[in-house]
Amino acid sequence: MRKVSLVLVGAFLGAGVSAVSTQTHLLSGTSAVAASAETYRQLSLFGDVFEKVRTDYVEKPEESKLIETAVNGMLTSLDPHSSYMDAKAFRDMQTTTRGEFGGLGIEVTMEDGLIKVVSPIDDTPASKAGLLANDIITQIDEDQVQGLTLNQAVDKMRGPVNSPVKLKISRKEAKEPLDVTLNRDIIKIRPVRSKVESNDVGYVRLTQFNEQTFDGLKTAIDKLQTDIGNDKLKGYVLDLRNNPGGLLDQAVMVSDAFLDRGEIVSTRGRNPDETQRFSAKVGDLAKGKPIVVLVNGGAASASEIVAGALQDHKRATIMGTRSFGKGSVQSIIPLGGQGALRLTTARYYTPSGRSIQAKGIEPDQEILQEVPDDLKGKDETKGEAGLKGHLKQKDVEERGGSSAYIPPDPAKDKQLIAAVDFLHGIQKGAANVTKPSTPN
């Protein structure tokens with residue numbers, strides 16, 4: 001049985017997962033610590049209660065559901081990030097971390113009970129078939145969409161590569177609904193977006209850390225260097241705001257992309273021999289150019305690992321608001337065909353040895369957005385410290401969440417504007433350090 005260690009966070013903007021390592025692990029009596037006699041008596045009590053419910057409850061219960069709920073109750077009582085995933089949830093998690101699936105290539109949302117196309121992804125079946133932003137999907141394979149949840153509709157559109165799916169589309173400009181048949185293809189989730197700011201600043205936004213992230217980052221930086229020219233390029237803005245997490249190996253690779261040496265992150269479990277350390281290798285994709293990292297209350301888990309590493313090594317200036325504060329590691333342990341356990345097994349630490357658990361990454365420069373009146377108070381995340389049952393740190397002042405609001409109009413994005421201005425006006429300072437220093 002394979003055990004994959006992960007860092008996980010759930011924020012109001014989504015959930016992120018960060019894989020740490022893969023190793024062999026047996027869930028058997030020979031590998032477990034012998035339980036005490038009292039523990040066995042408690043297990044016997046569980047068996048007695050289960051049997052009573054199974055035989056005497058007013059309606060016949062679903063036995064597998066009883067056991068699944070009991071297992072999940074045990075795990076969720078530990079902390080907010082430990083839980084049981086059934087087979088479907090486990091498959092969905094694997095799809096998220098893999099970053100690719102069989103599908104059509106459209107970003108969708110739910111509007112008035114119908115599925116609205118946000119945008120088709122370039123060079124996918126959806127874009128080739130001519131689907132447009134704001135198209136309304138009313139039927140999938142002749143089944144009405146109304147009444148389905150967004151996840152149910154997305155599941156119906158996903159499927160084996162080369163298999164057909166028929167959509168009925170309502171478009172404002174068309175008098176009659178459009179019938180479109182598409183063949184599913186391998187769709188890669190784009191975790192990296194980039195553009196040129198002010199003609200001389202490279203902007204790179206990471207939306208999650210999946211298996212495509214580092215390659216996407218490298219491609220983006222290469223393109224920005226070509227488009228702007230290395231002599232003209234002032235530096236980079238790495239936007240991690242509202243990025244809820246992802247694969248830890250990708251977080252390590254993204255950090256390493258801007259570091260030449262030194263520790264990136266360490267994970268420490270209950271036993272000292274479980275400590276793991278991840279270090280940088282020589283090579284800086286940014287070629288020593290200054291970097292500003294943007295974070296906010298929605299930046300969590302793997303995002304905090306990157307921000308913490310670059311901050312500790314003084315390789316980047318961190319701007320925005322305090323991050324989420326997710327500093328623990330979960331292990332995903334498959335259970336045959338019965339789903340998987342998600343179990344907290346370690347904490348992670350930045351290069352200087354600090355834990356950001358229930359505290360977050362404090363920006364070097366705090367920049368507050370102007371939040372619309374109707375969103376004030378709703379823009380704040382709970383943060384790790386606001387989650388019931390979260391892991392505590394001894395003698396550490398916990399910090400709650402911060403604003404996760406990003407204006408839809410970049411011209412009103414005070415954090416992005418401040419980052420670009422900083423790169424234009426920089427003379428000396430943290431973001432201008434071309435070689436990382438070893439933390440004390």
Side-chain angles (χ1 to χ4, degrees), residues 11-14 16 191-208 217 220-221 224 228 232-245 254 258 286 289-301 303-304 306-308 310-311 314-326 356 359-383 386 399-433:
F12 79 97
L13 292 164
V192 181
R193 290 175 169 81
S194 63
K195 61 181 178 179
V196 177
E197 288 285 344
S198 299
N199 298 316
D200 57 4
V201 170
Y203 171 85
V204 182
R205 173 162 174 73
L206 305 186
T207 58
Q208 60 178 284
L217 172 68
I221 289 180
L224 289 167
I228 299 173
K232 185 180 177 183
L233 182 62
K234 296 293 186 184
Y236 296 92
V237 176
L238 184 63
D239 191 349
L240 301 179
R241 294 174 297 176
N242 294 345
N243 181 329
V254 168
F258 304 111
K289 295 289 185 180
I291 300 167
V292 173
V293 176
L294 295 179
V295 298
N296 66 4
S301 184
S303 298
E304 294 173 295
V306 174
L310 298 184
Q311 185 179 51
K314 302 188 186 306
R315 180 62 186 92
T317 297
I318 313 299
M319 289 186 171
T321 57
R322 187 177 54 258
S323 66
F324 188 86
K326 172 66 179 60
I356 56 89
K359 185 177 179 183
I361 299 286
E362 292 285 352
D364 299 311
Q365 293 189 22
E366 184 181 48
I367 309 293
L368 300 176
Q369 302 278 20
E370 292 183 2
V371 181
D373 290 339
D374 60 331
L375 292 178
K376 285 180 178 177
K378 300 176 184 178
D379 62 307
E380 298 275 333
T381 65
K382 287 184 177 180
R399 303 296 302 275
S402 70
S403 176
Y405 176 72
I406 304 175
D409 182 359
K412 298 180 180 179
D413 188 344
K414 294 180 66 175
Q415 294 166 348
L416 175 57
I417 292 168
V420 173
D421 287 347
F422 182 83
L423 292 172
H424 282 157
I426 191 169
Q427 297 296 324
K428 295 180 181 179
N432 204 29
V433 177

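Only this structure's heavy atoms are used, side chains among them; waters, hydrogens and symmetry mates stay out. Numbers here simply count residues along the sequence, with the first being 1.
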- Report yes if some heavy atom in the side chain of Leu238 is under 4.5 Å from a heavy atom in the side chain of Val306; otherwise report no. yes

- Message: With a 4.5 Å cut-off on side-chain heavy atoms, are Leu423 and Lys289 touching?
- Response: no

- Query: If every non-hydrogen atom of Val237 is compared with every non-hydrogen atom of Ala419, which pair is closest and at what distance?
  - Reply: CG2-CB, 3.9 Å

- Message: Quick one, Phe422 and Pro290 - any side-chain contact, counting heavy atoms below 4.5 Å?
- Response: no

- Would you say Arg315's side chain and Phe258's backbone share a donor-acceptor pair under 3.5 angstrom? yes

- Query: side-chain contact (heavy atoms from CB on, under 4.5 Å) between Arg193 and Asp239: does it pass, once the steps are laid out?
  - Reply: CA-CA 10 Å; Arg193 290 175 169 81; Asp239 191 349; over 6 Å; no

- Query: CG/Leu233 to CG/Asn199 distance, rounded to the nearest 0.5 angstrom?
  - Reply: 12.0 Å

- Determine, step by step, whether Glu197 and Leu416 satisfy the side-chain contact (heavy atoms from CB on, under 4.5 Å) criterion, reporting the C-alpha distance in whole Å, the side-chain angles of both residues, the deciding distance to 0.1 Å, and the verdict. CA-CA 10 Å; Glu197 288 285 344; Leu416 175 57; 3.7 Å; yes

- Message: When you measure from the side chain of Thr381 to the backbone of Gly401, do you find a donor-acceptor pair of N or O atoms at a distance under 3.5 Å?
- Response: no

- Message: Give me the atom names and distance for the closest heavy-atom approach of Ser403 to Val371.
- Response: OG-CG2, 4.3 Å

- Any idea which heavy atoms bring Ile417 and Ala411 closest together, and the distance? CD1-O, 3.3 Å

- Item | Flag, side chain of Asn243 to backbone of Ala299, donor-acceptor distance under 3.5 Å | no

- Query: Just by modelled atom types, is the Gly297 backbone N or O under 3.5 Å from a matching donor or acceptor in the Ser402 side chain?
  - Reply: yes

- Task: Taking Gln369 for its side chain and Asp413 for its backbone only, find out whether a donor-acceptor pair lies under 3.5 Å.
- Result: no

- Could you give the distance from CD (Glu362) to CD1 (Ile356), rounded to the nearest 0.5 Å? 11.0 Å

- Message: Would you say that Leu224 contacts Ser194 through its side chain, given a criterion of any heavy-atom pair below 4.5 Å between the two side chains?
- Response: yes

- Starting at CD1 of Ile291, measure out to CG of Leu310 and round the result to the nearest 0.5 Å. 6.0 Å

- Message: Please find the pair of heavy atoms, one from Gly308 and one from Ile361, that lie closest to each other, and give the distance.
- Response: CA-CD1, 3.7 Å

- Between Ile228 and Gly202 the two heavy atoms that sit nearest each other are CD1-N, 4.0 Å

- Is the count of non-hydrogen atoms from other residues, nucleotides or ligands lying under 6.0 Å from Lys412 atom NZ greater than 12? no

- Note on the structure: dist Ser323:OG -> Arg399:CZ (nearest 0.5 Å) comes out at 11.0 Å

- Item | Verdict with reasoning, Val293 to Gln311, per side-chain contact (heavy atoms from CB on, under 4.5 Å) | CA-CA 9 Å; Val293 176; Gln311 185 179 51; over 6 Å; no

- Task: List the steps and the verdict of side-chain contact (heavy atoms from CB on, under 4.5 Å) for Gln415 and Thr321.
- Result: CA-CA 9 Å; Gln415 294 166 348; Thr321 57; 3.9 Å; yes

- Task: Check Arg322 against Lys359 and note the closest heavy-atom contact, atom names and distance.
- Result: CD-O, 3.2 Å

- Task: First locate atom CG of Asp374, then atom CG of Asp379, and finally report the distance between them rounded to the nearest 0.5 Å.
- Result: 10.5 Å

- Query: When rounded to the nearest 0.5 angstrom, what distance separates CG in Leu240 from OG1 in Thr207?
  - Reply: 10.5 Å

- Item | Donor-acceptor pair, side chain of Glu304 and main chain of Gly325, under 3.5 angstrom | yes

- Item | Exam field: side chain Asn296 to backbone Arg241, donor-acceptor pair closer than 3.5 Å | no

